[in-house]
Number of protein chains: 2
Amino acid sequence: MTDPQARFEELTNRLRECHYRMTPQRVALLRLLASSEGHPSAAQLYDRLRALFPTTSLATVYKTLSLLVEMGEVLELGFSDDDRRYDGNKPYPHPHLICIRCRKIVDAEAGVTQSLAQEMAQASGFQVVGHRLDFYGLCPDCQGAEYEIP
Amino acid sequence: MTDPQARFEELTNRLRECHYRMTPQRVALLRLLASSEGHPSAAQLYDRLRALFPTTSLATVYKTLSLLVEMGEVLELGFSDDDRRYDGNKPYPHPHLICIRCRKIVDAEAGVTQSLAQEMAQASGFQVVGHRLDFYGLCPDCQGAEYEIP
DNA sequence: GTGCTTGCAAACAGTTTGCAGATAG
DNA sequence: CTATCTGCAAACTGTTTGCAAGCAC
């Protein structure tokens with residue numbers, strides 16, 4: 001992961017460049033996004049935000065998140081079960097390993113996908129602009145336990 | 001794609017094996033799933049179903065679909081924007097090419113992913129049981145038109 | 001006959017929206 | 001000072017659930 005402070009400043013600058021206003025709520029959310037290790041949901045961000053900064057609403061979190069997603073500074077990961085997670089550190093497509101038991105999401109290393117995308121594009125005639133690669137399974141911590149989706 | 005008739009019988013047999021009842025609504029849905037070229041949504045299936053078979057409810061469509069998904073006979077593809085599509089022909093993970101303009105979804109050919117999954121598993125300690133690989137872009141038909149998400 | 005299945009409508013969850021008041025620039 | 005942003009609550013959308021009646025077996 002990049003340095004949280006550096007990433008925070010990067011995000012701040014990007015917003016300023018686009019002439020968006022820096023409200024305290026936004027500053028707090030940017031700081032959170034820049035320092036979030038995992039892939040938090042909107043509700044999780046909201047909860048953490050209220051701890052530091054009590055007068056914030058969930059609507060504002062959503063509004064700011066969709067702003068950042070649209071700007072390409074946050075990656076949104078939607079799942080089948082109404083679960084959306086956000087990644088403010090690596091806003092470009094990259095593969096994930098997702099634990100089907102504890103819902104942990106970790107980044108995986110793989111540079112293969114770029115060339116794969118190119119290959120796909122040629123074979124299909126699509127002009128590929130993005131991709132998504134997720135692996136589902138049991139993380140090391142959950143392999144001992146009985147298999148059961150919580 | 002497999003022969004629709006053959007796939008229909010396969011689905012029917014699988015349900016019977018598990019001692020599920022064959023109602024006319026289910027037969028109609030199975031027939032649709034077996035012959036659907038694209039990756040229809042629940043609502044699309046419901047609409048087509050009513051055309052052939054007027055007394056069907058959306059709830060029944062959902063109930064039967066989740067049954068089939070759980071049995072591993074239908075693949076569910078969830079997207080960020082509350083869009084879920086179903087594939088009754090190839091219920092195992094396989095890559096897709098998704099047009100961001102017209103929402104068309106086509107299957108892509110790639111056997112690479114199995115070995116990639118294995119590689120990921122080794123590197124991360126995850127026990128990988130499934131995956132999802134999607135490429136986003138403009139399909140050949142939509143490349144001429146101005147880029148605009150409808 | 002038994003109990004799985006259906007269809008309806010109401011419930012549900014996460015997200016989005018409209019609007020009046022607050023505030024960054 | 002002005003336009004953007006916030007916070008609230010209501011609206012919305014797709015999906016799920018509870019239940020009485022219906023029907024497959």
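The sequence lines fix the lettering, A, B, ..., with proteins before strands; numbering per chain opens at 1. Remember, predicted model here, so these are calculated numbers, not experimental data.
Between the CG atom of B:L65 and the C1' atom of C:dT6 there is a distance of 15 Å, rounded to whole Å. Distance A:R21 CZ to D:dA3 P: 9 Å, rounded to the nearest Å. Spacing between atom CG of B:L58 and atom C1' of C:dA10 amounts to 15 Å, rounded to whole angstrom units. As a whole-Å value, the separation of B:F79 CZ from C:dG14 C1' is 19 Å. Note: OH (A:Y86) to C1' (C:dG14) measures 10 Å, nearest angstrom. If you measure from atom NE2 of B:H19 to atom P of C:dT5, you get 12 Å, rounded to the nearest angstrom. In this entry the distance linking CG of B:L30 with C1' of C:dT5 reads 14 Å, nearest Å. Atom P of nucleotide C:dG14 and atom CD of A:E76 are separated by 15 Å, given to the nearest angstrom.
In the set C:dT5, C:dG7, D:dC5, C:dT5 carries the atom at the smallest distance from any side-chain atom of B:Y20. Distance from the side chain of A:A59 is smallest to D:dC8 among D:dC8, C:dG14, C:dA24. Distances were taken from every side-chain heavy atom of B:T56 (C-beta onward) to each of C:dG7, C:dT2, C:dT16; the shortest belongs to C:dG7. Of the candidates D:dC8, D:dT16, C:dT6, the closest approach to any side-chain atom of B:Q25 belongs to C:dT6. In this structure, of D:dT6, D:dT16, C:dG7, it is D:dT16 that holds the atom nearest to the side chain of B:R84.
Put simply, A:S57 has no side-chain N or O that comes within less than 4.0 Å of OP1 or OP2 on D:dT6. For C:dT5, the OP1/OP2 oxygens have a side-chain nitrogen or oxygen of B:R26 closer than 4.0 Å. Dashed line: the shortest gap from a side-chain N or O of B:T23 to OP1 or OP2 of C:dT5 is not under 4.0 Å.
For B:M22 and A:F53, each mapped to the nucleotide of DNA chain D holding its nearest heavy atom, the one lying further toward the 5' end belongs to A:F53. Between B:R16 and B:A43, the residue anchored nearer the 5' end of DNA chain D, judged by the nucleotide with its closest heavy atom, is B:A43.
Note on A:S66: nothing from the nucleic acid sits closer than 4.0 angstrom, heavy atoms only.
In this structure a side-chain-to-backbone donor-acceptor pair under 3.5 Å is present from A:N89 to A:S36.
Under a cutoff of 6.0 Å and an axis angle of 45°, A:R103 and A:F79 form a cation-pi pair.
Across all non-hydrogen atoms, the minimal contact from B:G78 to A:S80 is N-OG, 3.4 Å.
Taking a cutoff of 4.0 Å between a charged side-chain nitrogen and a carboxylate oxygen, A:R101 and A:D141 do not qualify as a salt bridge. A salt bridge does not link A:R16 to A:E9: none of the charged nitrogens lies less than 4.0 Å from a carboxylate oxygen.
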